[in-house]
Number of protein chains: 2
Amino acid sequence: MTGGGPYRLDDQVGYILRLVSQRHASLFLSRLGSDLTPTQFAALVRLAELGQCSQNELGRQTAMDVATIKGVVDRLRGKGMVEQTADPGDKRRSLLSLSEKGRSMIAGLHATGHAVTTDTLEPLDARERDVFLSLLRRLA
Amino acid sequence: MTGGGPYRLDDQVGYILRLVSQRHASLFLSRLGSDLTPTQFAALVRLAELGQCSQNELGRQTAMDVATIKGVVDRLRGKGMVEQTADPGDKRRSLLSLSEKGRSMIAGLHATGHAVTTDTLEPLDARERDVFLSLLRRLA
DNA sequence: GCCTCATTATTCGTATACAAACGAAAATGG
DNA sequence: CCATTTTCGTTTGTATACGAATAATGAGGC
């Protein structure tokens with residue numbers, strides 16, 4: 001990247017990011033199976049943090065486009081994990097919250113999510129992980 | 001991730017990777033416009049490195065699923081950037097190579113790709129970039 | 001030669017991912 | 001108050017992303 005030499009795909013950060021994300025997705029799949037996708041997981045866990053919020057807000061809080069969060073919420077509702085009600089104060093909005101089923105899953109999801117993160121960072125030692133995450137956050 | 005404290009989505013490497021990838025995609029879009037997507041770019045640049053190869057091989061060399069590379073190659077052929085011929089030695093295979101149009105684009109794509117990588121890593125100084133890329137590669 | 005296994009590419013189905021357009025509703029400013 | 005702008009959520013279209021199934025072809029062993 002810095003020095004000279006010919007342009008190589010393998011040296012581009014975007015390409016390497018994709019490889020790491022794919023490995024993460026594979027680790028995620030091995031632990032979650034087909035119950036939830038990473039995107040559905042993120043939406044559920046964030047909704048647990050927020051308690052209740054609008055669909056657009058959940059999209060913003062999980063870095064998802066408005067069309068994307070619509071689909072993810074539809075699927076989570078279809079699985080009975082999320083509930084939707086109208087906002088009495090704003091007819092444009094719908095309010096989302098976890099269902100009883102969704103709430104009952106959260107502790108297990110936290111444990112699984114923690115394990116996936118640990119799996120993903122396994123090639124690094126503790127100090128390297130801290131350095132890596134610190135640098136990665138600055139690129140977000 | 002390391003210390004105790006409650007589970008937080010913002011601390012999970014998978015989530016942060018997604019944020020960084022989105023920022024990278026946005027930087028890519030701002031430089032490439034709608035001419036090429038990051039995936040099409042990767043396929044073109046890798047095909048330039050390889051000269052000629054099979055579709056499956058190109059997929060493997062760009063970390064793309066067999067169904068995915070089929071679609072990407074179709075679109076690149078549709079744009080007239082890639083050519084496909086039958087493999088005289090193996091009826092199952094088709095061989096891919098850049099068209100004249102594709103070849104003429106490569107130097108410019110290298111320059112643009114380099115700029116996108118630089119843009120993406122801009123928040124880090126030179127030493128931090130080296131450290132980050134080194135650690136990132138170990139997670140791939 | 002024949003059978004079994006592996007490889008190549010296609011197809012299908014499902015899930016993102018996101019830009020753009022749209023309609024309804026709320027907010028803002030004059 | 002009224003017009004304009006902004007926000008919310010839906011819809012449409014295009015592009016991945018990938019698992020699984022399929023058919024055709026090639027490799028390898030007996």
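We name chains A, B, ... by the order of the sequence lines, and we start the count at 1 in each one. Being a predicted model, the structure only gives us computed values, none of them experimental.
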For residues 32-39 of chain A, run the donor-acceptor check on the side chains, cut-off 3.5 Å, and write out each pair with its distance to 0.1 Å, sequence neighbours left out.
residue : atom : partner : partner atom : Å
A:Thr37 : OG1  : A:Gln40 : N            : 3.2

Query raised in the report: Going by the salt bridge (charged side-chain N to carboxylate O under 4.0 Å, His left out) test, which pairs reach into residues 42-57 of chain A, not counting sequence neighbours?
Result: A:Arg46-A:Glu49, A:Arg46-B:Asp10, A:Glu57-A:Arg60
Query raised in the report: Tell me, which pairs form a salt bridge (charged side-chain N to carboxylate O under 4.0 Å, His left out) where one or both residues lie in residues 108-119 of chain A, sequence neighbours left out?
Result: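 Applying salt bridge (charged side-chain N to carboxylate O under 4.0 Å, His left out) to every pair that reaches into residues 108-119 of chain A, excluding sequence neighbours, yields A:Arg31-A:Asp119.
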Query - Partners meeting ring pair (Phe, Tyr, Trp, His ring centres under 6.0 Å) with B:Tyr15 (sequence neighbours left out) - result: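 By the ring pair (Phe, Tyr, Trp, His ring centres under 6.0 Å) rule, B:Tyr15 matches no residue at all.
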Mind listing the residues from [range] sitting with a heavy atom below 4.0 Å of DNA chain C? Number order is fine.
range: residues 60-80 of chain A; value: A:Asp65, A:Ala67, A:Thr68, A:Val72, A:Arg75
range: residues 39-50 of chain A; value: A:Thr39, A:Gln40
range: residues 17-32 of chain B; value: B:Arg18, B:Gln22

Query raised in the report: Partners of B:Ser94 by side-chain hydrogen bond (donor to acceptor under 3.5 Å, both in side chains), sequence neighbours excluded?
Result: B:Gln84
Query raised in the report: Using 4.0 Å as the upper bound for N to carboxylate O, is an ion pair formed by A:Arg127 and A:Asp130?
Result: no
Query raised in the report: Pick the nucleotide of DNA chain D nearest each of A:Asn56 and B:Thr37; which residue has the one closer to the 5' end?
Result: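 Per heavy-atom nearest nucleotide, the more 5' residue is A:Asn56.
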Query - Full working for side chain to side chain contact (heavy atoms under 4.5 Å, CB included) between A:Arg138 and B:Leu124 - result: CA-CA 8 Å; A:Arg138 282 167 58 197; B:Leu124 309 182; 3.8 Å; yes
Query - Where at least one partner belongs to residues 121-140 of chain B, residue pairs that pass ring-ring contact (aromatic ring centres under 6.0 Å, His included), sequence neighbours excluded - result: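 Pairs touching residues 121-140 of chain B that pass the test: A:Phe132-B:Phe132.
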Give me the distances for all protein-to-nucleotides 23-26 of chain C N/O pairs that come in under 3.5 Å?
residue : atom : partner : partner atom : Å
C:dA25  : N3   : A:Arg92 : NH1          : 3.4
C:dA26  : OP1  : A:Lys91 : N            : 3.2
C:dA26  : O4'  : A:Arg92 : NE           : 3.3
C:dA26  : O4'  : A:Arg92 : NH2          : 3.2

Requested in this report: Look at the side-chain N and O atoms of A:Ser94 and state whether any lies under 4.0 Å from the OP1 or OP2 oxygen of D:dG9.
Outcome: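 For D:dG9, OP1 or OP2 has a side-chain N or O of A:Ser94 closer than 4.0 Å.
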For residues 66-76 of chain B, dump all side-chain donor-acceptor pairs below 3.5 Å to protein atoms at least two apart in sequence or in another chain.
residue : atom : partner : partner atom : Å
B:Lys70 : NZ   : B:Asp74 : OD2          : 3.2
B:Arg75 : NH2  : B:Gly71 : O            : 3.4

Query raised in the report: Quick one: bend of the helix from C:dG1-D:dC30 to C:dG30-D:dC1 from 5 pairs per end, to 10°?
Result: 30°
